[in-house]
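This report concerns only the one structure given below.
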Amino acid sequence: MKPVLRLLAPFFLCIALVANAQIGGTSSPDQGVASTTGLVVSTSALASDAGASILRKGGNAVDAAVATAFALAVTHPTAGNIGGGGFMIVRRPSGKTAAFDYREKAPLKSTPGMYLDAGGAINRRLTAEGYLAPGVPGTVRGLALAHKKFGKLRWNEVLAPAVQLAEEGFLMSRSLANGLNQQLKGAMGRYPSSVEAYGKPGGGQWAEGDRIVLKDLARSLRAIADDGPDAFYKGWIADRIAEDMQANGGLITRKDLAAYKAKERKVVTGRFRGYEIISMPPPSSGGTALIEMLNILENFDLKKSGRYSAETLHIMVEAMRRAYLDRARHLGDPDFTKIPVARLTSKDYARGLAANILPDRASSSVELGKDIVTAVADDESEETTHFSVLDRDGMAVANTFTLEAGYGSKVVVKGAGFLLNNEMGDFNKKPGETNTGGDIGTSANLIAPGKRMLSSMTPVIVTRNGKLALITGSPGGRTIINTVLCIVLGVTEFGMNGREAVDSARLHHQWLPDNVTFEESSLPEDVSARLKLMGYNIRLQGRQGDGHTIYIDPQSGMAYGVNDRRSADSKASY
Ligand code: GLY
């Protein structure tokens, strides 16, 4: 066993015992849940079960993905949503692919400097919570678009499990009870509609095993199930959103909602060591940056150096540094800005970047990015959720969606029962200022009416010789792309199976601030000492990401659902 895995093994063993108890007899702690009839892997056991019930009814992977997403909006309110946005990658058994962009948009009344105070400083409170923080939600339109294009079962049939969960309620996990108690004492407690929706009836603290019923959310979901997405964008739900916004100084209007369109885009693709990487194009930075990093890394023999050697970690961080710099320089909404995706994802370009990595010395982020760094300063909340789906015919879905921070803006729409996102914080908020603290002020991602904010969400499907190899993704703000890189490299470079790749400790560097973060206890002392000598600022953190994955064994062709055991409520269902 690799040293890092050895260090983490007792931790994962404890969680594995719990996870196995949920799944039943077909799972193996070393591999995941094997199935020949399809899988849904998500952060919420109840949502995975909802998706799997649709597969068992004869639904395909898109039907199951839509069911899982709506169920997550009920059971995982930190990030599952109908008031946010996200991306879905679909690969059909024929090999044809599609990318659905349902990212939120800036309201028509928004302006580039709307989050700056009189002195020109970013007022982070305004993007952290409250009525100015949300972008126009895209989830309902996006899921409907994907379902219209690929779904087999009826829309209301696919939404039925979510409606049932909200109407009849469900038993809370410990983590949900704790999370809600904390929120209600803190930011969510400031908004009466949020307390009404999520407070314990009669008052007091939620406890594990309590039943939570979400009656207003159930009404909204039933309306969407019966009347389609227009109930949300043009019907009474749109009225509730617009009224709430007007009463509380928010910007989203009925016009914004009626105008919102989800888009089908062409996937971004790359090749790495004979594998094909299929992921999300802009307005996500995820696919482009992931492919840029893999292209750089292909110039080095990481396998020979070993997964957790100082040499490998150094090269990985330098690839991250360069790709995140390009993210800051160039990426934003392609409907507003011309983005050089083809160049950034080309092998030639990566060769040039690889050539200026010194063998034993950290580069300087400020020096590399001196064309855009304008100031020295002092970083971002990161809740989102990813799930992976495979059906019995081989249709694959990777879906990542988000409210941005945990519980988004903390604002529940009065009378409609769902949380709104705080995605406006993903725009560049101070035009012209890119600083050492990680704020970016470049033009591609400045706020403009109707524009989508840049995302790091990286749903990805990996194939080899035309056969599925991996479906994965993660939450985690800007850490997402690096979490996905770690999982993809685990399989494609280091020959790990899905379970090993997901369990392996992760690292993150985002160009600025110039720190590299490792998961706690994952870094052997001697490796840490060598990296420090090379000039790295090292930080340790509890956990990085939550990568619910499907791995297909290349020898047997068996699909394994690999829940990320970093999250207690997760499950692979079939
Ligand atoms: N809000 C997280 C992301 O889109 O990257």
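Both ligands and their constituent atoms are indexed starting at 1 by order of listing. In this text, all values refer to a predicted model and were calculated from it rather than measured experimentally.
- Residue Ser455 has at least one heavy-atom neighbour below 4.0 Å for each of these atoms of ligand 1: 3 (C), 4 (O), 5 (O).
- Checked against salt bridge (Lys or Arg N to Asp or Glu O under 4.0 Å), Lys149 has the following partners two or more places apart in sequence or in another chain: Glu264.
- Aromatic ring centres of Tyr191 and Tyr407: separated by at least 6.0 Å.
- Here the side chain of Glu423 pairs no donor or acceptor atom with the backbone of Gly135 at under 3.5 angstrom.
- With ligand atoms numbered from 1 in the order given, ligand 1 contributes 1 (N), 2 (C) to contacts under 4.0 Å with heavy atoms of Glu404.
- Asn81 and Thr139 share a side-chain donor-acceptor pair at under 3.5 Å.
- Legend: residues meeting ring-ring contact (aromatic ring centres under 6.0 Å, His included) with Tyr324, ordered by chain and number and at least two apart, are His508.
- Residue Thr384 places no N or O, backbone or side chain, under 3.5 Å from any N or O of ligand 1.
- Residue Glu423 has at least one heavy-atom neighbour below 4.0 Å for each of these atoms of ligand 1: 1 (N), 2 (C), 4 (O).
- Within the structure, the closest approach of Arg103 to ligand 1 falls below 4.0 Å when heavy atoms are considered.
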